[in-house]
Structure formats: structure tokens, C-alpha cells
Asks: 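Quick one: this structure, given as C-alpha cells, is what I'll be asking you about.
Proteins get letters first, then strands, A, B, ... in listed order; numbering begins at 1 in each.
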Amino acid sequence: MNRIAFLLGKGIRDLWANKWEQGVTLVALTLLLFLGLMFILVVFNVRQQVLSRQGEMSFEVYWESSASLEQVKKQWKELKQEDLVQSISTYTPDEALGSLSQGLGNVDLDWLKTQNPLPPTALVQVRLPQSSPREAVQELVGHIEERPGVDEVSMNSEHLRRASTWTRLSERVYYPFLAGVIFLVALIMGNTFKLTLYSKREEVEVLRLVGAGRWFIQLPLFAGAVVQATVGGGLALLLLKIGQGSLNEALNVAPLWLELHFLPLQHIAAFFGVLVGVAILSSWVAIRDI
Amino acid sequence: MLNLRHVSYAFGTYWVLKNLSFQVEPGGFTFLFGPSGAGKTTLLRLLHGSLSLQRGAASVAGFDLASLNRRMVPRLRRTVSVVFQEFKVLPHKTVKENIALPMLVRGIPKAQMERRTNAICRVLRLEKRMHLACRGLSGGEQQRVAIARAVVTNPKLLLSDEPTGNLDEELSTRLLEIFKQFNQFGTTIFLATHNRRLIDLVPQAKVLVLDEGRLEQECG
């Protein structure tokens with residue numbers, strides 16, 4: 001265990017010992033990761049736009065006229081808590097009548113107030129989930145229909161089909177794109193580590209000459225690669241945050257009003273996890289023949 | 001210590017070593033003498049595990065080269081040390097760090113490492129240079145660092161390829177004295193050279209004469 005800690009520490013100390021070569025490698029890695037992250041950020045935002053414009057749908061829920069208004073209002077509150085529900089606009093029979101009157105150009109419909117035929121209504125806006133969007137919406141609709149007092153759920157199935165197609169499409173494009181970027185980054189990182197090794201070939205040769213085993217040579221190189229990838233990733237994220245802030249300021253003005261969101265925390269955590277994995281894998285590929 | 005039987009080695013279709021057979025006893029001092037291109041370096045690389053045995057049988061310090069796999073090579077190299085003509089010291093590291101390298105690989109405790117490095121530096125008159133980077137040393141000093149690194153772990157066998165190739169006569173003589181000193185302490189010395197003068201300096205040594213890959217003569 002001590003030996004492993006020593007070798008890992010040696011890898012980190014060696015970074016400092018060859019600070020110029022390692023500095024250049026770090027800059028190259030940072031720029032590479034920044035470019036990769038920038039691509040991901042752009043595609044992530046395009047996807048967000050697609051989902052916010054095409055990945056939502058709404059449907060109406062009508063309650064029976066005889067349903068107790070108190071019970072209906074309680075159900076509206078419950079509906080708001082549902083995962084998929086983005087927003088909900090509700091209308092009591094009186095409010096529905098007022099809205100109808102307004103829609104017809106302020107026609108006087110007061111005479112209907114005593115025998116109002118309009119039921120309590122809710123206009124529900126849902127955001128489609130990425131996995132099985134159609135089934136999820138149908139399940140939600142099923143739950144609503146089962147509630148006491150609910151008369152009908154009116155949904156445009158064509159709209160649902162179109163929205164779920166967009167959601168699925170964005171899913172099918174986004175993840176393969178992510179995988180492609182990661183693959184490219186891994187490839188270039190592997191080559192960068194290989195080039196760094198070139199400057200260490202003399203040391204590696206001498207180490208082999210004095211009887212160093214594979215682990216003695218490779219473990220410090222692994223540690224160095226992981227540290228470099230992590231520091232490079234951190235710097236790249238910092239650059240990305242600065243870039244995103246500047247771009248957002250430039251784009252989020254009239255007439256564009258394009259809002260550029262930063263990557264969510266889960267994405268960043270996944271990015272670091274993948275980065276360390278890729279660093280280990282690509283450095284292993286680069287040094288396996290040592 | 002060394003036992004070779006019918007060893008041959010080829011690069012492609014060109015046979016560099018042809019049917020070599022000889023023995024070296026533990027504690028002996030042996031010269032491998034021959035002109036450039038005779039196959040001396042190839043033989044040393046074979047004995048140090050840098051090349052794989054192609055034909056024949058060979059054992060080096062108890063290691064059977066025919067069955068030596070990649071994992072065993074570091075073990076062989078921890079038993080058998082080598083000194084090359086071109087020194088192969090790390091220029092950016094200090095004399096002390098270069099000498100300590102084989103002990104670091106073996107996981108020797110720091111205090112012991114320090115003790116041995118100081119002692120070997122005294123023997124080889126390097127104590128004033130200990131904290132200097134090797135890039136600032138003369139050829140003779142770098143050669144002494146390479147020898148110190150090779151002997152600091154008390155190897156059973158020391159292979160040396162033209163160790164005096166870059167040195168003047170006086171330094172060569174002094175270096176040979178150092179080899180003789182370590183031989184007296186029990187290390188088997190196997191030294192490849194094309195310099196006949198060196199052989200005359202160790203009259204009790206065994207001499208193997210190699211020419212065009214063949215063992216032409218064995219005396220002593």
C-alpha cells in the first residue's frame with residue numbers, strides 16, 4: 001500500500017520535475033477539453049430549445065357539472081404536484097363563462113349564470129420525459145381520468161405523437177453526439193499522453209535498465225495523467241463558464257433573445273467521472289507497451 | 001555465473017552471433033574482446049534480457065534465458081547490472097538521485113539508500129558532486145556515476161559494454177582499477193572491449209575473443 005502511495009506521489013512530483021513539457025501538455029489538454037465542452041454546451045442548449053418548443057403538450061380536463069367545487073380545487077392542487085406537469089390553468093364554471101364571453105368579444109352571457117352549462121376545467125401543460133414520453137403522458141391521463149368527478153380528458157393525440165417524436169429524436173441525437181465527442185477527446189488525449197511519454201523515453205529506458213517492473217514505470221504515469229486530466233478539466237470548465245457568460249450576454253438581447261444555459265451539475269459530475277476514466281484508459285493505451 | 005551453449009542470434013537473416021559456447025565462473029573477471037561489429041553489444045543485450053534468445057541455451061546468474069518471460073526480465077536486471085559506453089544517466093537528475101535509482105526500484109528504505117549512496121560516492125570519488133545534476137559532469141564523472149549505479153546494489157554480475165570508450169588513457173586505467181576493486185569484493189565482471197591495453201592491465205582475467213559473431217579464442 002505504501003509502495004502504491006509512493007508511486008502515485010512520484011507521478012505527481014514528476015509532473016513538477018518536468019514542468020515545461022507538462023505545462024504544454026496541460027495547455028493542450030485544457031484547450032481540447034474546452035472545445036469538447038463547448039460543443040457539448042451548444043448541443044445541450046439546442047436540445048433544450050427543441051425540448052422547450054417541441055417537447056411540451058397540453059390537454060384539457062373537464063369535471064362533471066355536478067362535481068363539488070371544493071373537491072375539484074383539491075384535485076387541481078394535487079395535479080400541480082405531478083412530475084410531468086409544467087403548469088396548470090384552472091377555470092371554475094363562472095371563470096370559464098367569463099373567459100368564453102371574453103373570447104366571443106365580450107358578449108353578455110350573464111343570463112347563463114344560473115344554469116351554467118360549462119364544467120370546471122383545467123388546462124394542463126406537460127413536459128414530456130425523455131424515456132417513453134407517450135406512455136408516461138398516457139399513464140398520467142389515465143390517473144386523471146380515474147379521479148372522482150372527472151368527466152373527460154381531451155387530448156390531441158397527433159400533438160402527443162409529434163411532441164414525443166421530437167423528444168425521442170433529440171435523445172437519439174444528443175447521446176450519440178456525446179459519445180462521439182468523448183471518443184474524439186479520448187483519442188486526442190491518448191496521443192497527447194503518448195507525445196508526453198516521448199520526452200520521458202530516456203528515463204523509462206534507464207528505469208527498465210535498472211530493473212524497474214511495469215508497475216513502477218506505469219503507475220506514476222497513470223497518476224500524472226489523471227492529475228493532468230482533472231486539472232485540465234477544471235480549467236476547461238472555468239473557461240467554459242466564462243465563455244458561456246460572455247456569449248449569453250451577447251446573445252440574450254433583442255432581437256435574438258437566445259438564452260445559453262450552463263451545463264447542469266449532473267452533467268459536470270458525469271463529465272469529470274468520464275474524464276478520469278478516459279485519462280486512465282487513454283494513458284494505459286499510450287503506455288501499455290512500455 | 002554465465003553458461004552459454006550453442007547460442008546464435010540473427011537480426012533478420014544476418015547472424016550476428018554464431019554458435020557461442022562458454023562459461024564464466026562466479027567471482028571471475030572476464031574480457032569479451034573483439035573489433036567493432038563483432039557482436040559484443042548484441043551478446044551483452046542478450047545476457048541482460050534486452051533481446052530474446054533465438055537459438056541455443058543460456059543461463060545468467062541462475063536465470064534460464066530460454067524460458068525468460070517479460071515479467072522475469074526486471075528480476076534478472078535486479079541481479080545483473082549493466083554499464084554502457086554512453087553512460088545512460090539521467091541528465092536532469094543529480095548524481096545522488098541517479099545512483100539511488102536501482103535502490104528506489106527495489107524499495108530499499110531511505111536511510112539505507114542514503115548510507116549506500118554516500119559510501120559508493122566515497123569509493124568512486126563523487127562525494128563533492130553528489131548534489132549536482134549529471135548534465136554538468138565530465139564524461140569520466142558520468143561514467144563513474146553509471147558504474148556507481150550499477151554496483152550500489154551489490155549485483156552478482158556486472159556487464160559492461162566498452163566502459164572506457166569515451167575516456168582517455170589515464171581515466172580508463174583508473175576505471176579499470178575500480179572494476180578490479182569491485183571484483184575483489186565478489187562481483188563477477190564481464191567486460192566487453194576492443195581495447196587490448198585494458199586486457200594487459202588485468203593479467204589474471206579470462207579473455208574471450210569474438211570475431212564476426214564467432215568465439216575465436218578463449219584463454220585464461
Asks: Quick check on B/Lys206: does its NZ atom have over 12 non-hydrogen neighbours (other residues, nucleotides or ligands) under 6.0 Å away?
Replies: yes
Asks: Do you know the tightest heavy-atom contact between A/Leu209 and B/His48?
Replies: O-CE1, 3.4 Å
Asks: Is B/Arg71 in contact with chain A via its backbone, its side chain, both, or neither, using a 4.5 Å heavy-atom distance?
Replies: neither
Asks: State the NZ-CZ distance between B/Lys88 and A/Arg208, to the nearest 0.5 angstrom.
Replies: 11.0 Å
Asks: Checking B/Val89 against chain A: side chain, backbone, both or neither under 4.5 Å from a heavy atom?
Replies: backbone
Asks: If you count heavy-atom pairs under 4.5 Å between each of B/Gly49, B/Ala150, B/Pro91 and chain A, which one has the most?
Replies: B/Pro91
Asks: Compare every heavy atom of A/Val210 with every heavy atom of B/Arg78, then report the nearest pair and how far apart it is.
Replies: CG-O, 4.3 Å
Asks: Any chance CZ of B/Phe22 has more than 12 other-residue heavy atoms, nucleotides or ligands included, within less than 6.0 Å?
Replies: yes
Asks: Counting heavy atoms not belonging to A/Glu249, are there more than 12 under 6.0 Å from its CD?
Replies: no
Asks: So, for A/Gly211 and B/Val105, which heavy atoms are closest and what is the spacing to 0.1 Å?
Replies: O-CG1, 3.4 Å
Asks: Take atom CG of A/Asp83 as the centre, draw a 6.0 Å sphere, and report whether it contains more than 12 heavy atoms from other residues, nucleotides or ligands.
Replies: no
Asks: Which pair of heavy atoms, one from B/Pro74 and one from A/Gly213, lies closest together, and at what distance?
Replies: CG-CA, 3.9 Å
Asks: Non-hydrogen atoms of chain A under 4.5 Å away: do they reach the side chain of B/Leu104, the backbone, both or neither?
Replies: both
Asks: Does B/His194 NE2 have over 12 foreign heavy atoms under 6.0 Å away?
Replies: no
Asks: Is it true that atom CZ of B/Arg5 has more than 12 heavy atoms of other residues, nucleotides or ligands lying nearer than 6.0 Å?
Replies: no
Asks: Does NZ in B/Lys110 sit with more than 12 non-hydrogen atoms of other residues, nucleotides or ligands closer than 6.0 Å?
Replies: no
